[in-house]
Amino acid sequence: MKLALETRALGKTFKVKEKQAGLRGSLKSLFAPQWKEKTAVDRIDLSVSAGETVALLGPNGAGKSTTIKMLTGILHPTAGEATVAGLVPWRERTKLAYRIGTVFGQKSQLWYHLPPVDTFELISRVYELDRVDYARRRDRLVERFELGPYMHTPVRKLSLGERMRCEIAASFLHRPQILFLDEPTLGLDVVVKERIREIIRERNREEETTVFLTSHDAGDVERLCSRAIVIHHGGVLLDRPVALLRRELLSGKTITVTLADAEDPASVAEWFGRRAWSPMPEGVELAAIEGRRIRLAIDLARTDMNELLASLTQAARIADLTVEDPTLEDIIKHIYGMEKTKGGEPT
Amino acid sequence: MNRTYGYISVAGRKQLAVVRIALRQQWAYKTDFLLRACLLLLLLYVLGQLYGAAYAGDYDRAIGGFTLRQVVWYLVFTEAITMAGPPVGARIEEEVKNGDIAVRLTRPLSYVGFHYGSYMGEGVLRFIVLLVAGGMVAWLTVGPPALGYGPIAYLPLALLGLTLSFLMTAAVGLCAFWVEETRGLEFVLQKLTFTAGGLLIPIDLMPEWLQRVCAWLPFQAALYLPARLGVRFDGQELLRACSLQLAWIAALSLLVAFIFRRGAGKLHVNGG
C-alpha cells in the first residue's frame, strides 16, 4: 500500500530560557542566561498509508502539534527523518504545500473583514487552480458544507461553527492528498462537530484523502478515524485501530439521570437500589448521587444500552437523561496506567 | 530561461492576487483613512507655519535650493510615503509570537512575498488618499506643484520608496525569530527614517557631514529622493535615484531572504 507519510526517529528539542523570579533573576538572566533543553518530540516512528484516517492523541504538551508542524514543514526537526507525500517537509515546504491541506483550529486563514468567497478566490490563485475546475469545485464544496448563506458575509460576522466550516472547505479546494487537522472541532457545538466529521469522512471516502488529526475530543477519534496513535512525553505510547480501542477503552460512558419524582434526596440511594436494580447489573456502577441526579458509569462492552435504558424508565419517571463519552484525558490516563502495569515504564 | 520566466510569472500572479485582496480588505478601515488624513492635515499645517516663519513668508527666496512652495510639496510627498506603509514589522512579530505564521508557511507562496503583496495592496490605497488630501492642503496654502515631469516621476519613485520601506521594516520584524520584542528596533528604524530619510527636512538643508552620512544609508532612497525629484525634477538625477533605489532594493531583499531563511530554521511556533 502506498505510504502517505513516514517518520523515522523524528525528534525535536527546544532550548528554553530559564529565568529566576524577581528583578535580580531578570538581571542575572540578561547577563548570564541559563538554557534548558526540552524534548517536545522524542524520536517517533510513524507510518501512515494513503487514504487512512489517523488520530494523533495525547495530553497537552505531549508533542502532537509539534509533530504536525514538522510534518507540514513549518518546524525543522533536530533529529530523524520524515517524508510526506514523497517529500521531505522542511526542505520542500512550498512543493509540499500543493499536496497537503492544513486546518489549525485556533488559527484562521480567512480574511477577517472580507466574505469567505474572497479568501476562496485567493486560495484558487495561490494554488494555481484552473478557473473552470475551481468554480466547479467551489460550488460543490459550498453545497456539501452548506455554506451558501455565508459565502458573501464578512468573516467577522460569522459564528465559530460557520467559520470553521468555511476553513475546512477552503482547505479542500486544491484537492489535498493529505489533510492535517489540529483540533478542528475545538469550541464547536455537537451539531456542527458532527456535520464537520461527516463531511471530512465523505471527502476521505470519495477522494481517498488521508486524514491526520490531533484532537482532545474522543468523538472526533471515534467517528472520524480508523487508527489512533497515542503519544506521551514526546514518544509513541500506543498505536491501535480505533475499533479495538473502542472495544477496550471507548466503551465507557457516563449516564446522568435526573428523577422526576420529588423523592427525598437522602433516600434516593436506597430508593435507587430498591426500585431500579438489585443487585446492580454487570457493567454498571453507581458513580454519584447529587440530589435527584444519579450518575452511572457504564461499560458498553459488558452491558446493553437498550436494556439499561428500558429498565431505568420502567423503574422511575425520568425528567432528564444525558449520555457522555469519557474525556480523552481520562482515556489517555487509562492507557498510560495500562502500559505502566504491563511492563514498567511506558515505551 | 523559459523556466525562470514561468516561475516569475506565476509568482507575480500570486502576488497580484494578494495585492487585490489586501486592497479590498483595506476598504473596511474607513475610520483609519480619515484619521490618517486628519493627522496629515495637522502635520502639514504645523510644518507649513514653521517653514513659513523660516522663509519669512517670502515665496521667491530659496534655502538649500528649495523655495517655500517646493518645501511644502516636498513634505506632502514624503509624508504620503511614510504614512501609507502598514505596520508590517509588528504584524510579522505578532504572527511569530502567536503562531499564526503556521497558516502562512503551509501555503505555496513565499512568506515575505505574501507580506509584500499585502503591504503594497494596503499601502498604495492609503498613499493615494494621503497624496490627494495633502495635495489639496498644499495647493490651497502655497499653490500648485511645479508642472512638468516632477510629479510624474514621483509616482514610480514613491512605489520603489514604499518597497524599500517594506524591506527595512520586514527585516526588523523578522528579528522576532530570535528576540522576544522587536518594537525597540522598529522605533529606532522609524526615527532613523524620519531623520536620515529627510522626512521633515530635505537632506540639502542638513549639515554637509550629515549629508555625506545619509548618502551611504538606504533611508534617503525611500523618502528624500522621490520627494526631491517630485518638486525639483532633473533627468540625470532621475536615472541616478532610480538606480540607487533598485540597488538598495536588491541588497535589502538579499538581507531579508537571508534573515528569513536563517530564522525559519529555528522557528518555535507558539500556540499548541
Side-chain angles (χ1 to χ4, degrees), chain A residues 12 14-17 38 40 60-61 64-66 68-76 78 89-90 93-115 118-119 121-128 154-156 167 171 174 176 180 182-183 186 214 216, chain B residues 6-7 9-32 91 94-114 117-118 121-122 177-181 260-272:
Chain A
K12 177 82 182 169
F14 293 111
K15 267 186 169 180
V16 186
K17 208 176 188 179
K38 190 185 160 199
N60 285 333
K64 307 181 298 286
S65 293
T66 306
I68 277 207
K69 277 161 190 156
M70 285 193 284
L71 295 176
T72 50
I74 298 165
L75 294 182
H76 293 223
T78 45
W90 49 94
R93 183 166 46 81
T94 312
K95 214 168 161 187
L96 179 68
Y98 287 98
R99 303 182 188 179
I100 62 166
T102 51
V103 176
F104 298 102
Q106 294 297 293
K107 312 196 186 307
S108 180
Q109 60 180 316
L110 302 169
W111 285 63
Y112 189 64
H113 291 292
L114 298 176
D118 282 333
T119 305
E121 175 66 25
L122 175 70
I123 289 172
S124 78
R125 300 282 176 186
V126 166
Y127 284 93
E128 303 164 54
V155 172
R156 64 175 189 276
E167 295 275 1
S171 69
H174 63 288
F180 290 94
D182 193 359
E183 303 283 358
L186 194 68
T214 73
H216 276 98
Chain B
Y7 175 77
S9 151
V10 167
R13 278 203 300 274
K14 291 183 185 182
Q15 294 287 355
L16 209 61
V18 179
V19 169
R20 275 204 302 266
I21 198 166
L23 204 64
R24 275 202 294 276
Q25 167 120 321
Q26 197 53 29
W27 287 116
Y29 299 104
K30 294 179 196 78
T31 322
D32 180 70
R91 278 182 200 169
E94 201 55 34
E95 283 180 1
V96 173
K97 271 185 182 171
N98 66 21
D100 280 356
I101 191 170
V103 174
R104 308 253 180 269
L105 290 180
T106 50
R107 301 278 168 262
L109 177 69
S110 139
Y111 178 71
V112 177
F114 167 83
S118 169
E122 287 181 39
F177 285 129
W178 289 273
V179 295
E180 285 158 20
E181 186 69 54
F260 177 72
R261 205 169 268 263
R262 292 297 297 266
K266 61 180 272 100
L267 176 67
H268 174 186
V269 174
N270 297 317

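The figures that follow rest on heavy atoms only: side chains count, while hydrogens, waters and symmetry mates do not. Chain letters run A, B, ... following the sequence lines, proteins first, then strands; residues in each count from 1.
- For B/A22, the parts lying near chain A are the backbone and the side chain together; criterion is any non-hydrogen pair under 4.5 Å.
- For chain A, the nearby part of B/R20 is the side chain; its heavy atoms alone come within less than 4.5 Å.
- Considering all non-hydrogen atoms of both residues, B/A264 and A/H76 come closest at O-CD2, 3.7 Å.
- Looking at B/R107, both its backbone and its side chain come within 4.5 Å of chain A, counting heavy atoms on both sides.
- The shortest non-hydrogen separation linking A/T94 to B/L109 is CG2-N, 4.3 Å.
- The nearest pair of heavy atoms linking A/S108 to B/V103 is O-CG1, 4.0 Å.
- For B/V18, the parts lying under 4.5 angstrom from a heavy atom of chain A are both the backbone and the side chain.
- Only the side chain of A/E128 comes within contact range of chain B, with heavy atoms under 4.5 Å apart.
- Of the listed residues (B/Q25, B/Q15, B/R13), the greatest number of heavy-atom pairs within a distance under 4.5 Å of chain A belongs to B/Q25.
- In the displayed structure, A/R156 atom CZ is contacted under 6.0 Å by more than 12 heavy atoms of other residues, nucleotides or ligands.
- Among all heavy-atom pairs drawn from A/A97 and B/P108, the shortest one is CB-N, 3.5 Å.
- In this structure a side-chain-to-backbone donor-acceptor pair under 3.5 Å is present from A/K107 to B/N98.
- Counting only distance, with no hydrogens or angles, the side chain of A/R93 and the backbone of B/T106 share no donor-acceptor pair below 3.5 Å.
- By number of non-hydrogen pairs under 4.5 angstrom with chain B, the leading residue of A/W111, A/Y112, A/Y98 is A/W111.
- Note that CD1 of A/I74 is 6.0 Å distant from CG of B/L105, once rounded to the nearest 0.5 Å.
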